[in-house]
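Take a look at this one; I'll ask things after.
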Amino acid sequence: MTGADLVGYHVEATDGGIGKIDRANYEVDASFLVVDTGPWIFGKKVMLPAGVVNHVDHDDRKVYVDRDKAQIKAAPEYAESDQTDPVYLDKIGGYYGGMYGLTGTPMMPPHRPL
């Protein structure tokens with residue numbers, strides 16, 4: 001999905017709501033969402049590659065992803081400096097790449113814009 005700002009949209013996992021989009025990057029082959037998973041003491045921010053997005057409902061301001069809550073909450077925590085940190089990006093690529101059953105996948109499998 002290009003041309004739409006998704007910041008503030010709610011994120012719906014396969015088993016219910018998981019949080020809100022705090023930040024989005026729409027670069028080709030590097031599209032991702034940063035999702036705030038809840039209150040500051042219990043939640044955290046995680047990066048979701050564009051490849052996990054199933055569809056976007058602009059009327060309801062929701063983004064539906066093909067992961068469940070546990071998978072999203074188990075993702076490596078995101079910090080602002082992580083966006084360009086090769087170690088963090090490798091962690092993200094390994095975490096989500098493993099869910100696609102691929103080895104040695106690039107950071108954002110499969111590559112597609114939001």
### Task
Verify side chain to side chain contact (heavy atoms under 4.5 Å, CB included) between Ile18 and Lys73, making sure each step is shown before the conclusion.
CA-CA 8 Å; Ile18 190 68; Lys73 285 185 179 183; 3.6 Å; yes

### Task
Could you tell me which non-hydrogen atom of Asp57 sits nearest to which non-hydrogen atom of Asp59, and how far apart they are?
OD1-N, 3.0 Å

#### Entry: Distance (rounded to the nearest 0.5 Å) between Arg23 CZ and Leu6 CG
13.5 Å

### Query
So Tyr78 and Phe32, would you call those rings parallel, tilted or perpendicular, with 30° and 60° as cut-offs?
tilted

### Message
A side-chain contact here means heavy atoms from C-beta on lying under 4.5 Å apart; do Val63 and Val65 qualify?
### Response
yes

### Message
For Lys69, is the NZ atom crowded, meaning more than 12 foreign heavy atoms sit under 6.0 Å from it?
### Response
yes

### Query
How far apart are the closest heavy atoms of Ala13 and Arg67, and which atoms are they?
CB-O, 3.1 Å

### Within-4.5 Å side-chain heavy-atom neighbours: Val11 and Ile21
yes

### Task
Run the numbers on Ile72 and Val46 for side chain to side chain contact (heavy atoms under 4.5 Å, CB included), then give the verdict.
CA-CA 7 Å; Ile72 294 169; Val46 295; 3.7 Å; yes

### Query
Hey, what do you get for NE2 (His10) to CG (Asp60), rounding to the nearest 0.5 Å?
10.0 Å

### Message
Between Val52 and Tyr64, is there shared hydrophobic-cluster membership here, with clusters defined by ILVMFWY side-chain heavy atoms closer than 4.5 Å?
### Response
no

### Query
Roughly how far, to the nearest 0.5 Å, is the OH atom of Tyr96 from the NZ atom of Lys91?
13.0 Å

### His55 and Asp66, any side-chain heavy atoms less than 4.5 Å apart
no

### Task
Report yes if some heavy atom in the side chain of Lys20 is under 4.5 Å from a heavy atom in the side chain of Val7; otherwise report no.
no

#### Entry: Shortest non-hydrogen contact from Tyr9 toward Lys62
CD2-N, 3.7 Å

#### Entry: Exercise: identify the closest heavy-atom pair between Tyr95 and Ala74
OH-CB, 3.5 Å

### Query
Can you tell me how far the CG atom of Leu33 sits from the CG atom of Leu48, to the nearest 0.5 Å?
6.0 Å

### Summary
side chain to side chain donor-acceptor pair (under 3.5 Å) with Lys45: of Thr37, Asp36, Asp22, only one passes, and it is Asp22

